[in-house]
2 protein chains.
Amino acid sequence: MSLAHAILGMLQKQPMTGYELKTQCFDDSIAHFWQADQAQIYRTLDKLAEQGFVESRLEVQEDRPNRKVYSITDAGRAEVHRWLLTEQPLPTIREPFLVQLFFAGQLDNTQIIAMLEQQLKAHEQQLATYRAIPLPSFDNPNMTRELTFQRMTLEAGLSNEQACIDWLRDCIAHVKRM
Amino acid sequence: MSLAHAILGMLQKQPMTGYELKTQCFDDSIAHFWQADQAQIYRTLDKLAEQGFVESRLEVQEDRPNRKVYSITDAGRAEVHRWLLTEQPLPTIREPFLVQLFFAGQLDNTQIIAMLEQQLKAHEQQLATYRAIPLPSFDNPNMTRELTFQRMTLEAGLSNEQACIDWLRDCIAHVKRM
DNA sequence: ATCTTATATATGACTAAACATATATAAGAT
DNA sequence: ATCTTATATATGTTTAGTCATATATAAGAT
């Protein structure tokens, strides 16, 4: 499961709590290719602990709730390495908007243009979010090997969103000519 | 749920069995934006029948198993129309390959190039599959209103795959220069 | 004074989807 | 002769993911 491996990958860099994984990793740096619910993160951490891939230690705090800090084990590191070399399947595609568009012929052109424009707006918003992610570009002097691959995943998101926006604009132009 | 509405949408054109929906719709004309398991199609048909959106009649066959032919009801048609005007959420993105690439820095460049090339091959294959889908292009004299919107959903798949392939080629070139 | 936000973990309940398998018959291939 | 493929429907089980909610405290906002 990719979620488990994403968590292991993040814990390889530094020990973290479930809360930090959620707020600092899944809501930020990897949100553009993997989204995860808080409940699922905690339950996956439990499962990883059972499997011996992570271990936790309780950090008592006085003014705030106690933290359960997870660190990766040697077995966990080995598991990440093994998994990195496995072939990943293409993601299953399920696009609610395309289901709508497929059957859109029975609507008025004005209604179709409205739905295309709403979708365009959402993707422009998404693109803006990706652009705001602070990752050095490939030619930046601060670029490291690690950040290079993180940047590549961001480039994937950027180019996908751009392609989607171009396609939506073409669709709108096409319907306006109908 | 989009699956239920995709089924209703297909049944609007003609009554069909679960088997036909699977083999002639979900494996063919809409496979590029919605994939569905046989078990899920049958169970969704049951649910749609309970809700009164479809009804079935048993067609007895002698040399083959009996068919259960589903047709859409007036309530089902109304439901499709209502749903066509609802705003669809952007699909949640979960790309196993990007999780790998994000953490790929710890592999050798040759290993990384191999995984990028494997992924490229898979997407080129996917693009070829999309190109083989027999839908008239926008300027084709046989183009109808209905097919125009089906063609648009295919164009979305084609441009997405192309963007993905371009991105993968850039990544490979980049790693080769590292 | 009261409400919201941030910090932090946990569980119950549910839905969507995936995977396996059962049943039944005929045609065609090895 | 035996195996596979096509036709056709159905169910059991499991996994992944979502949504709601519980608990607890402090800081900051209205």
Side-chain angles (χ1 to χ4, degrees), chain A residues 1-8 11 15-28 30-31 33-51 54-70 88-96 99, chain B residues 1-7 15-28 30-31 33-51 54-70 88-96 99:
Chain A
M1 217 235 311
S2 296
L3 175 62
H5 292 97
I7 289 174
L8 287 177
L11 291 180
M16 267 186 283
T17 66
Y19 187 77
E20 287 168 330
L21 278 164
K22 173 61 177 160
T23 55
Q24 289 164 38
C25 300
F26 287 95
D27 287 351
D28 277 348
I30 66 174
F33 61 83
W34 204 277
Q35 288 160 47
D37 185 84
Q38 172 260 126
Q40 215 192 340
I41 291 171
Y42 281 104
R43 275 194 261 244
T44 303
L45 282 168
D46 284 347
K47 210 189 62 189
L48 286 169
E50 264 176 56
Q51 293 173 300
V54 301
E55 49 193 22
S56 66
R57 120 191 91 79
L58 197 72
E59 214 174 79
V60 180
Q61 297 192 123
E62 269 151 50
D63 54 344
R64 286 178 189 178
N66 294 340
R67 289 151 46 89
K68 223 165 138 182
V69 184
Y70 288 88
Q88 293 307 300
L90 293 192
T92 3
I93 301 161
R94 275 198 198 89
E95 303 232 29
V99 182
Chain B
M1 215 236 311
S2 295
L3 175 62
H5 292 97
I7 290 175
M16 265 186 285
T17 66
Y19 187 76
E20 286 169 330
L21 278 164
K22 172 61 176 158
T23 56
Q24 289 165 38
C25 300
F26 287 95
D27 288 350
D28 277 348
I30 67 173
F33 62 83
W34 204 278
Q35 286 159 50
D37 185 82
Q38 172 259 125
Q40 215 193 339
I41 291 171
Y42 280 103
R43 275 195 261 242
T44 304
L45 282 167
D46 283 347
K47 210 189 65 189
L48 286 169
E50 264 175 56
Q51 292 173 301
V54 301
E55 48 192 25
S56 66
R57 119 190 93 78
L58 197 71
E59 213 174 78
V60 180
Q61 298 192 121
E62 268 151 52
D63 53 345
R64 286 177 188 178
N66 294 340
R67 289 151 46 90
K68 224 166 136 182
V69 184
Y70 288 88
Q88 293 307 300
L90 293 191
T92 4
I93 300 161
R94 276 197 198 91
E95 301 232 28
V99 181

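In the text below, chain A, chain B and the rest are named by the order of the sequence lines, each starting its count at 1.
Using modelled atom types, one side-chain atom of K22(A) and one backbone atom of A36(A) make a donor-acceptor pair closer than 3.5 Å.
A39(B) comes within 4.0 angstrom of a nucleotide base, judged by non-hydrogen atoms across all strands. Among the protein residues, T17(B) comes within range of the sugar-phosphate backbone only, with heavy atoms under 4.0 Å from sugar or phosphate atoms but none that close to a base. Among the protein residues, R94(A) comes within range of the sugar-phosphate backbone only, with heavy atoms under 4.0 Å from sugar or phosphate atoms but none that close to a base.
Place Q38(A) and M1(A) on DNA chain D by their nearest nucleotides, and M1(A) ends up nearer the 5' end. Residue E20(B) is the one, among T92(B) and E20(B), whose nearest nucleotide of DNA chain D lies closer to the 5' end (criterion: closest heavy atom).
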Would you sort out whether F26(B) and I30(B) count as a side-chain contact (heavy atoms from CB on, under 4.5 Å), showing the intermediate values? CA-CA 5 Å; F26(B) 287 95; I30(B) 67 173; 3.4 Å; yes

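Ion pairing of E59(A) with R57(A) is present here, as a side-chain N (NZ or NE/NH1/NH2) and a carboxylate O approach within less than 4.0 Å.
Put simply, CG on L45(B) is 16 Å from C1' on dA17(C), counting in whole angstrom units. dC14(C) atom P lies 17 Å from atom CG of D37(A), rounded to whole Å. Rounded to a whole Å, the CD1 atom of I41(A) is 16 Å from the C1' atom of dT11(C). When rounded to the nearest whole Å, the span between CZ of R43(B) and P of dC14(C) equals 18 Å.
Mapping heavy-atom proximity under 4.0 Å, the span of DNA chain D touched by chain A runs 5' to 3' from dA16(D) to dA26(D).
Between the OH atom in Y42(B) and the CG atom in D37(B) there is a gap of 11.5 Å [rounded to 0.5 Å]. Rounding to the nearest 0.5 Å places NZ of K47(A) at 8.0 Å from CG of L3(A). Here CD1 of I93(A) is found 11.5 Å from CH2 of W34(B). Values are rounded to the nearest 0.5 Å.
Side-chain contact between I41(A) and Q38(A) is absent, with no heavy-atom pair separated by less than 4.5 Å. Within the 4.5 Å cutoff, no side-chain heavy atoms of L11(A) are placed close to those of L48(A). L21(B) has its side chain within reach of L45(B): a pair of non-hydrogen atoms, C-beta onward, lies under 4.5 Å apart.
Regarding contacts with the backbone of dA16(C), every side-chain N or O of Q40(B) stays at 4.0 angstrom or more from both OP1 and OP2.
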Dot-bracket encoding per residue of DNA chain C, Watson-Crick/G-U cut-off under 3.5 Å, | denoting interstrand: ||||||||||||||||||||||||||||||

